[in-house]
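These notes are about the structure you will find just below.
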Amino acid sequence: MPKATGVFTGLLNDIALAAKIISREVNHVGLSEMLGDTGEENSHGERVQKLDIFADDVMRQILHHTGLITCMASEEKEFFWPVPDSFPSGEYVVIYDPLDGSSNIDVNVSIGTIFSIHSKISSSERGELSDCLQAGKHQVAAGYVLYGSSTMFVYTIGRGVHGFTLDPSLGEFVLSHESMCFPDPPRHVYSINEAHYNSWKTGQQLLIDHLKDGGDFSSRYIGSLVADFHRTLLQGGIFMYPSGKGAPEGKLRLLYECSPIAMLAKQAGGRASTGARDVLEVIPDSLHQRVPLYVGNSELVDLAEEFLAEED
Ligand code: AHM
Ligand code: MG
């Protein structure tokens, strides 16, 4: 990890180690007992996949004893948790989605791990909720791991976005994508679950109608945020998960999905918006808060905001 210095080298290497362990399991999930759900639902009412639990445990166990972290939070856990008393406490807060896009696990489609790192702001030795509820603009690092045709680790510590590809023969991440930026001009691609069209507000519908009317847009949608964002980063375009009837805040979670993706987007020369404001400016009020997400090339995110504002 050549761009990371000091304590981040250790922290990012720990996350990379967790990523390798998760990647190994993901790659032979069809051959193991790890396929399918546990029969339980999480606090959001979603069926918990066995691999979700595995990935969550790996992240926690690799990170909590390092002395670098004060507390953690995960999509899979209702509450944040302080590092146990048996381990030293550190200065950083790690918030993560251990395995995003879990509906794609059983069908062998790309999934990912997303992480967000903040500095501790409370004076509490083992952190408190306020340490987790910080606006995205205060993140000190963010990144994701994409379990795709190859496994990639992509991160930023506020000095550009850098991607590493796992070389399975070495068991190491090798720098493959230095200083990643959205292409300019972008490829004209929009990415959205269009089946929800009838539930969208008028501005959202008009935006998609407009993109179609020009005749030069194509559409791609995987249904895994990491994979959809990664493609958008490499090829350009816009990914959207808007609000809809019955889901006024959309589906995606601010702290461990939208904020880290927003930091990466900004560092790569693009931006992320809720449709009304910059994602990085949103001050969270709860751990699992949802926000609508528009992310990609800045001019396309700006265009989305214009359409949404007109109808408001
Ligand atoms: P998850 O955290 O339960 O996996 O849900 C998040 C995923 C994202 O990866 C993806 O962008 C979105 O859900 C897809 O949702 P939908 O199936 O509604 O299109
Ligand atoms: Mg998720």
Side-chain angles (χ1 to χ4, degrees), residues 19 22 26 29 35-38 40-56 59 72-78 94-116 136 142-148 152 154 189-200 204 208 219-233 237-262 264-265 272-275 279 284 286-296:
I22 297 168
V26 166
V29 68
L35 207 57
D37 62 64
T38 60
E40 287 164 15
E41 288 188 350
N42 63 19
S43 53
H44 323 299
E46 300 151 351
R47 293 187 83 78
V48 176
Q49 302 291 310
K50 290 179 193 166
L51 213 50
D52 283 331
I53 299 301
F54 174 82
D56 193 45
M59 287 290 282
M72 287 191 262
S74 156
E75 183 186 71
E76 295 304 322
K77 300 267 191 306
E78 187 172 358
V94 179
I95 307 175
Y96 59 88
D97 185 348
L99 213 51
D100 186 64
S102 16
S103 67
N104 279 326
I105 295 173
D106 287 358
V107 289
N108 211 349
V109 172
S110 298
I111 47 183
T113 297
I114 312 174
F115 63 91
S116 161
Y144 60 79
V145 186
L146 171 62
Y147 310 103
M152 275 196 74
V154 177
V189 173
Y190 70 81
S191 183
I192 192 165
N193 187 339
E194 213 163 340
H196 297 163
Y197 186 94
N198 289 342
S199 85
W200 295 338
Q204 179 65 42
I208 295 300
S219 164
R220 292 282 184 279
Y221 190 73
I222 297 167
S224 282
L225 176 60
V226 170
D228 279 315
F229 176 73
H230 189 71
R231 182 200 57 251
T232 307
L233 176 56
I238 181 168
F239 170 87
M240 297 167 260
Y241 208 112
S243 61
K245 280 187 205 121
E249 304 305 329
K251 176 182 183 188
L252 301 177
R253 314 298 175 136
L254 174 60
L255 284 175
Y256 42 81
E257 293 175 333
C258 302
S259 281
I261 290 295
L264 289 157
S273 168
T274 64
V279 168
S286 64
L287 217 47
H288 300 287
Q289 180 177 345
R290 300 174 199 264
V291 287
L293 178 64
Y294 298 80
V295 63

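Numbering of ligands and ligand atoms starts at 1, following listing order. Nothing here was measured: the structure is a model prediction, and the numbers come from that model.
Looking at atom 10 (C) of ligand 1, its nearest protein heavy atom turns out to be Gly223 O, 3.4 Å. In terms of protein heavy atoms, atom 14 (C) of ligand 1 is closest to Tyr221 OH, 3.2 Å. The protein heavy-atom contact nearest to atom 4 (O) of ligand 1 is Gly101 N, 2.7 Å. With respect to atom 17 (O) of ligand 1, the closest heavy atom belonging to the protein is Lys251 NZ, 3.9 Å. For atom 18 (O) of ligand 1, the closest heavy atom belonging to the protein is Tyr241 OH, 2.6 Å.
The Phe239 neighbourhood of ligand 1 comprises atoms 11 (O), with distances under 4.0 Å to a heavy atom of that residue. The distance from ligand 1 to the heavy atoms of Asp97 drops below 4.0 Å at these ligand atoms: 2 (O). Atoms of ligand 1 found under 4.0 Å from any heavy atom of Glu257, numbered from 1 in the order shown, are 2 (O), 6 (C). Below 4.0 Å from some heavy atom of Glu75 lie the following atoms of ligand 1, by number and element: 2 (O). Listed by number with element, the atoms of ligand 1 under 4.0 Å from a non-hydrogen atom of Ser102 are 4 (O). Taking a cut-off of under 4.0 Å to the non-hydrogen atoms of Leu225, the atoms of ligand 1 that pass are 8 (C), 9 (O), 10 (C), 11 (O).
Ligand 1 has Ser224 within reach: a non-hydrogen atom of the residue lies less than 4.0 Å from it. Using a non-hydrogen distance threshold of 4.0 Å, Asp100 registers as a contact of ligand 1.
With a 4.0 Å cut-off on non-hydrogen atoms, Asn193 touches ligand 1 through its side chain and not its backbone. Within the 4.0 Å heavy-atom criterion, neither part of Arg253 lies near ligand 1. The proximity of Asp228 to ligand 1, defined as any non-hydrogen pair under 4.0 Å, does not occur for either the backbone or the side chain. When non-hydrogen atoms are compared, ligand 1 lies under 4.0 Å from neither the backbone nor the side chain of Phe229.
When all heavy atoms of Gly223 and Asp228 are compared, the pair lying nearest together is N-OD2, 3.0 Å. Between Gln204 and Ile192, the shortest heavy-atom distance links the atoms NE2-CD1, 3.3 Å.
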For Asp106 and Gln49: C-alpha separation, side-chain torsions, deciding distance, then whether side-chain contact (heavy atoms from CB on, under 4.5 Å) applies. CA-CA 9 Å; Asp106 287 358; Gln49 302 291 310; 3.8 Å; yes
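Residue-level check: among N/O/S atoms of Glu257, OE2 sits closest to the Mg ion (ligand 2). Restricting Asp97 to its N, O or S atoms, the one at the least distance from the Mg ion (ligand 2) is OD2. For Glu75, the N, O or S atom closest to the Mg ion (ligand 2) goes by the atom name OE2. For Asp100, the N, O or S atom closest to the Mg ion (ligand 2) goes by the atom name OD1.
For the pair Ile22/Thr113, a side-chain contact is recorded, criterion being any heavy-atom separation below 4.5 Å from C-beta on. A 4.5 Å side-chain heavy-atom check between Val189 and Thr232 finds every atom pair outside the cut-off. At least one side-chain heavy atom of Glu75 sits less than 4.5 Å from a side-chain heavy atom of Glu257. No side-chain heavy atom of Tyr221 sits under 4.5 Å from any side-chain heavy atom of Glu194. A 4.5 Å side-chain heavy-atom check between Arg290 and Tyr241 finds every atom pair outside the cut-off. Annotation: side chain of Val279 is not in contact with side chain of Tyr294 (no heavy-atom distance under 4.5 Å). At a threshold of 4.5 Å between non-hydrogen side-chain atoms, the residues Phe229 and Leu146 do not count as touching.
A side-chain contact (heavy atoms from CB on, under 4.5 Å) with Asp52 is found for one member of Asp97, Asp100, Leu99 and no other, namely Leu99.
Geometrically, ligand 1 and Leu252 share no nitrogen or oxygen pair separated by less than 3.5 Å.
Atoms CG and CE, from Leu293 and Met240 in turn, are 10.5 Å apart once rounded to the nearest 0.5 Å.
No side-chain donor-acceptor contact under 3.5 Å links His288 to the backbone of Arg253.
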